[in-house]
Peer 1: 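After the structure tokens below, expect a handful of questions from me.
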Amino acid sequence: MNTSNGKTFGKDLLGLVLLFIFLILFLMSDRLNDSEMISNLPNAWVNVNTIFLSIVIEAIPFILLGVFVSSLIQIYVSEETIQRFLPKSALMALVPAAMLGAILPLCECAIVPVVRRLIKKGMPLHVGVVFLVAAPILNPIVFASTYFAFRSEQTNTILYSRMGLAFVLSIIIGAILYGIFKNSHQLRGENISLHVHGHHHHHPGDGSSTFFSKIKDTMYHAVDEFFMMGKYLIIGAFIAAMFQTFLDRAVLTAIGQNDFSSTMVMMIFAYLLSLCSEADAFVASSFGSQFTDMSLVAFLVYGPMLDLKNTFMLFAFFKARFVIVFMITVTIIVFASVMVLFGVIL
Amino acid sequence: MGDKMKKYDHSFHAYIQGIILIGFALLILGLIMTGNIVYYIAPSMMPFIYFALGTFFLLGIMQVFRSTKKDSHQDSCSCEADHQIKGPFPVKLLIYSIFILPILFGFILPDRALDSSVAANRGIQYGSGLGINQVSGEGESSLSRAEAYLDDPEGYINSLSENNGETDDIEHFQLEDFYDQDWYDDYYSELADEFAVEDTITVTEQNYLDVMTVLDIYLDRFIGKEIEILGFAYREEDFEDHQIVIARFSMTCCTADAGVYGTLVESQEAKDFEEDTWLFARGTIKKGQYNDFIIPIIEDAYLVEVEQPATPYVYPNFNR
């Protein structure tokens, strides 16, 4: 008994010390910034830090939105409800899924926990994949920002190619992954016995399923999921910040001389930068003079579907083999379809 | 309750997580109070940041209270097993460090705007960055068609139907006519009219990107006009002594999407200023050329060093 008390005390102290450090830093940070030692840091690392924090702070509200939606689903939407709304045929579900993806106003950070939750609730994997790739592009904010970013004549080509491709490709990608994985379990830690075990626990305290306790459940859930996803977001943001700071973009222009290589370069670039889909059009437009419409569309379609930041989050939630197959599929499909669209049709 | 539950100290994890959430909230609050948040986040995204701030405080306090309950895991959800932070002590320490480090970085490292080394890697957009006025090469087609249409709408339509009856071209023209191009040209031609009657074009934070665009499209109307502009100093490697760029970062959401928009300035005093110095320039607009692009150049400029403005970045106002 004594030892366990001592342990608890030590743990409490640890937390208090941490809180104390935060408070001290909160009060002192202005003076710290001016101190000799810290202002002499190499500029490059200050820039990495600026971009890193910028990405993290920017992504946090959207992760929070995502985990709140996810925990609302967890608490208010039952497995039966999802089953009832699903079309009987697996492939029939693809088109409505893409449309639903267009209605969900969630970006690529927020969509990951939501999709995971829905799959846990019994939604088929391939429908989740459609949401994953369609939702970040097909939404009004992205439409507006793409429209305004390309203020010249390119607008219509790029805007409609981006939106059209996102819709069609999400269905194709969903269908391919259905072909490969069917309805197998691809979530990590998908362990039936654990699940039952958990349910078992929930019921004893069930007498209190009041409105208030449901809110509390939602909050607790959100926190747990925030900590689950947050670490991957932070690691992804840090690596993206390194590329953002040290990658010389003139190199890209030098590599991307023809349609083939410039499309490839812009896709790699979209992956590394890990931009929000709301803002990536402005970055793409800054390349407007050096890159073809084809490669810009590839940048704008590929980036929101897949980037460094959300790769980490995907690996957190899905089995590694699934994530790798998903990444390869998305990459090949986007590249091939952009080639076909601009090479053959337009 | 099995052994599993004993091993996982719910209340401790809830407690530490709560404190980390409060730490994030304090970091954001501190940035807002000092105003340094402008280095990280565009003003249009601030409502989301306030949302995050409030949520973090609320959740953080809830977590700390959750931890004081004797057997707190009874309160948690039916899926808690996969939420646990697993692994031996070093792994747990590592995971929590990942959350704590950004908070410490945020507090300890200086809050500074992006500087010219980032600008160099991203590449400066001269003018609006639309690449409209390329001297030669394929870029010409992109806006010259719009210009051709603007100068002589009927002639342009005729030339389209004469030269190529290809459907996609005609379709393209119709789309831009009814939906996009009209609005675009109206907006900038009205702006150009406004600037044209002024004696001196004063570039502010609000109109920065608009002026860049107008100067690109209607450069000929502004040759010989006076212009005043503020930005940080930047030099390309191939610059001569009298050349310098006055530039601003433009940010849409966060610094990851920031681009650099600059204006080439020619002045005898240019060599006296280091990169990243904030400068005010006043000079005359002329038509110049850099890297195969026709760009506006401010010549015979008077340069003076100024304090960095409170908001070092400019923002595209696409919500008009």
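Computed from heavy atoms alone, side chains included, the values below leave out hydrogens, waters and symmetry copies. The sequence lines fix the lettering, A, B, ..., with proteins before strands; numbering per chain opens at 1.
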Peer 1: Around atom CZ of Phe48(B), are there more than 12 heavy atoms from other residues, nucleotides or ligands closer than 6.0 Å?
Peer 2: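 Not buried by this count: 12 neighbours or fewer within 6.0 Å.
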Peer 1: Does any heavy atom of chain A fall under 4.5 Å from the side chain of Phe56(B), the backbone, both, or neither of them?
Peer 2: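 Side chain only.
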Peer 1: Among Ala237(A), Ala241(A), Gly230(A), which residue has the highest count of heavy-atom pairs closer than 4.5 Å to chain B?
Peer 2: Gly230(A)
Peer 1: For Tyr15(B), check ring pair (Phe, Tyr, Trp, His ring centres under 6.0 Å) against everything at least two apart and list the hits.
Peer 2: none
Peer 1: Using a cut-off of under 4.5 Å for heavy-atom pairs, which of Asp276(B), Thr55(B), Val118(B), Asp115(B) has the most such pairs with chain A?
Peer 2: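 Highest number of pairs under 4.5 Å: Asp115(B).
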Peer 1: Name all pairs fulfilling the ring-ring contact (aromatic ring centres under 6.0 Å, His included) condition that reach into residues 231-253 of chain A, sequence neighbours left out, sorted by first residue then second.
Peer 2: Trp45(A)-Phe246(A), Phe52(A)-Phe238(A)
Peer 1: Any side-chain heavy atom of Gln244(A) sitting closer than 4.5 Å to one from Arg122(B)?
Peer 2: yes
Peer 1: Checking Leu53(B) against chain A: side chain, backbone, both or neither under 4.5 Å from a heavy atom?
Peer 2: neither
Peer 1: Name each donor-acceptor pair under 3.5 Å that joins a side chain in residues 21-31 of chain B to protein atoms two or more places apart or in another chain, with its distance.
Peer 2:
none

Peer 1: So which part of Phe12(B) gets closer than 4.5 Å to some heavy atom of chain A, the side chain, the backbone, both or neither?
Peer 2: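 Only the side chain of Phe12(B) comes within 4.5 Å of chain A.
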Peer 1: Tell me, out of Thr218(A), Ile234(A), Leu16(A), Ile57(A), who's got the most heavy-atom pairs with chain B below 4.5 Å.
Peer 2: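 Greatest number of close heavy-atom pairs with chain B: Ile234(A).
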Peer 1: Name the member of Ile103(B), Ile16(B), Leu104(B) that forms the most heavy-atom pairs with chain A at distances under 4.5 Å.
Peer 2: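 Most heavy-atom pairs within the cutoff with chain A belong to Ile103(B).
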Peer 1: Is any residue of residues 18-27 of chain A within less than 4.5 Å of chain B by heavy atoms, and which ones?
Peer 2: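 Leu18(A), Leu19(A), Ile21(A), Phe22(A), Leu23(A), Leu25(A), Phe26(A), listed by number.
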Peer 1: Write down the atom of His221(A), the atom of Ser71(A), and the distance for their closest heavy-atom approach.
Peer 2: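 Looking at all heavy atoms of both residues, the shortest contact is CB-CB, 3.2 Å.
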Peer 1: State, without any angle test, whether Asn47(A) and Ser117(B) hold a side-chain donor-acceptor pair at a distance under 3.5 Å.
Peer 2: yes
Peer 1: Do you know the tightest heavy-atom contact between Glu225(A) and Pro113(A)?
Peer 2: OE2-CB, 3.6 Å
Peer 1: Looking at Gly60(B), Ala42(B), Pro102(B), which has the largest count of heavy-atom pairs under 4.5 Å with chain A?
Peer 2: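 Sorted descending by pairs with chain A, the first entry is Pro102(B).
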Peer 1: Quick check on Phe51(B) against chain A: is it the side chain, the backbone, both or neither that has a heavy atom closer than 4.5 Å?
Peer 2: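 Looking at Phe51(B), just its side chain touches chain A.
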Peer 1: Sort Met251(B) into side chain, backbone, both or neither according to what part of it lies under 4.5 angstrom from a heavy atom of chain A.
Peer 2: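 For Met251(B), neither part sits under 4.5 Å from chain A.
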Peer 1: Is there a side-chain contact between Lys216(A) and Arg66(B) in this structure, where contact means two heavy atoms from C-beta onward sitting under 4.5 Å apart?
Peer 2: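 When only atoms from C-beta onward are counted, Arg66(B) and Lys216(A) do not touch, as no gap falls below 4.5 Å.
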Peer 1: So which residue, Leu14(A), Leu275(A), Asp280(A), ends up with the most heavy-atom pairs under 4.5 Å with chain B?
Peer 2: Leu275(A)
Peer 1: Using a 4.5 angstrom heavy-atom cutoff, name the option from Thr245(A), Thr50(A), Leu233(A) with the most pairs to chain B.
Peer 2: Thr50(A)
